[in-house]
There are 2 protein chains.
Amino acid sequence: MSVELRALQALTLWHDVSLELVRDEDIDLSLRQMAILLTIYLDTPPHTVRGLARKLGVTKPVITRALDSMGKLDLVSRRRDDQDRRNVIVQRTVKGALAVERLGDIVVAKALTLRP
Amino acid sequence: MSVELRALQALTLWHDVSLELVRDEDIDLSLRQMAILLTIYLDTPPHTVRGLARKLGVTKPVITRALDSMGKLDLVSRRRDDQDRRNVIVQRTVKGALAVERLGDIVVAKALTLRP
DNA sequence: CGATATGAATACGGGTCCGTAACGACTGCC
DNA sequence: GGCAGTCGTTACGGACCCGTATTCATATCG
């Protein structure tokens, strides 16, 4: 019974946040882009294209393109690794940090409405 | 400080579940499709195309196409409303219920790994 | 040095999704 | 019965994303 409740609450939370994100004009990222963005901001650096691809279970071009589009939005930035110039280091930005923070606020806000 | 922790936990949860969904072969739904699916299975029926469009803040064709693709996967089904044959009633399916249940399991499982 | 390997980016063909606009089916009111 | 209004679907053009294969730059090893 308590397990049933947990599952329903978890689903409701996921639903509420998804709905909020779909409605939101500002944040329009695909699930993959969001996973990439959060990995960059939550996991310990450094992050490379190949490393992200492995972690996400997708091909490298997917990461490259996601970084392209998120880079246009100034959510992430790229820099060559000086020690091995084949590598690209993915870096955080102020705008990206704010977006992640905002996402966290949404999740927290929706989570708080669950417990009556 | 406790608020910081909550936000970080919420973000980590969202990240972990997103990552799991991206990696998962079976579930490949966009955020919008997921929001539609969960609305159908969590909110009280009946659900119409127009009603879903209003709730999601998107246009009707978005709902129609999402129902098309999710219908092909047998996650939802459609039926004409006999009382007003202009309406289409969106119905749940066994496979859809299982998919939603599975998503709930994923969220719960990831949530449980947060509390040390 | 040259050969090989590695990392990222790009080219390509195909698929999906979007919003606007138009369309067909249906209802209800005059 | 006809006409305006509603609901869902479809047509269209554009944007985005995918995976495979290729290319370019760099590193490493013989």
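Throughout, protein chains are lettered first and strands after them, A, B, ... in sequence-line order, and every chain is numbered starting at 1.
- Between the C1' atom of D/dC17 and the CE atom of A/Met70 lies a distance of 13 Å, rounded to the nearest Å.
- Looking only at side-chain heavy atoms (C-beta outward), B/Gln33 and A/Leu31 stay at 4.5 Å or farther from each other.
- Within residues 31-39 of chain A, the residues approaching DNA chain D are A/Arg32, A/Gln33, by heavy-atom distance under 4.0 Å.
- First and last contacting nucleotides of DNA chain C toward chain B (any atom under 4.0 angstrom from a heavy atom, 5' to 3' order): C/dC17 to C/dT27.
- When side chains are defined from C-beta on, B/Val76 does not count as touching B/His47, because their heavy atoms never get closer than 4.5 Å.
- For the contact set between residues 41-68 of chain A and DNA chain D, defined by any heavy atom under 4.0 Å, the members are A/Thr59, A/Pro61, A/Val62, A/Arg65.
- Interatomic distance, CZ of B/Arg32 versus CD1 of B/Ile63, reported as 9.0 Å (0.5 Å rounding).
- Contact annotation: the side chain of B/Leu21 approaches that of B/Met34 to within less than 4.5 Å [non-hydrogen atoms, C-beta and beyond].
- One finds the CG atom of A/Leu11 at 11.0 Å from the CG atom of A/Leu114 (value rounded to the nearest 0.5 Å).
- The CZ atom of A/Arg6 sits 12.0 Å away from the CG atom of A/Leu8 when rounded to the nearest 0.5 Å.
- A pairwise comparison of heavy atoms in A/His15 and B/Ala35 identifies CD2-O, 3.8 Å as the closest pair.
- Taking CZ from B/Arg50 and OG1 from B/Thr59, the interatomic distance works out to 12.0 Å, rounded to the nearest 0.5 Å.
- In this structure, the side chains of A/Val90 and A/Leu67 come closer than 4.5 Å at one or more pairs of heavy atoms.
- Residues from residues 20-28 of chain A placing a heavy atom under 4.0 Å of any atom in DNA chain C do not occur.
- The shortest distance between side-chain heavy atoms of A/Arg78 and A/Asp68 falls below 4.5 Å.
- Atom CG of A/Leu29 is separated from atom CD1 of A/Ile36 by 9.5 Å, given to the nearest 0.5 angstrom.
- Contact annotation: the side chain of A/Leu103 approaches that of A/Leu38 to within less than 4.5 Å [non-hydrogen atoms, C-beta and beyond].
- For the pair A/Ile40/A/Leu75, no side-chain contact is recorded, criterion being any heavy-atom separation below 4.5 Å from C-beta on.
- Using a 4.5 Å heavy-atom threshold, the side chains of B/Leu19 and B/Arg23 count as touching.
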Worksheet item: What string of B, S and - do you get for nucleotides 25-30 of chain D, 5' to 3', when a contact is any protein heavy atom under 4.0 Å?
Response: -BS---

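- Grouped by direct or indirect side-chain proximity (heavy atoms under 4.5 Å, Ile/Leu/Val/Met/Phe/Trp/Tyr only), B/Ile89 sits alone.
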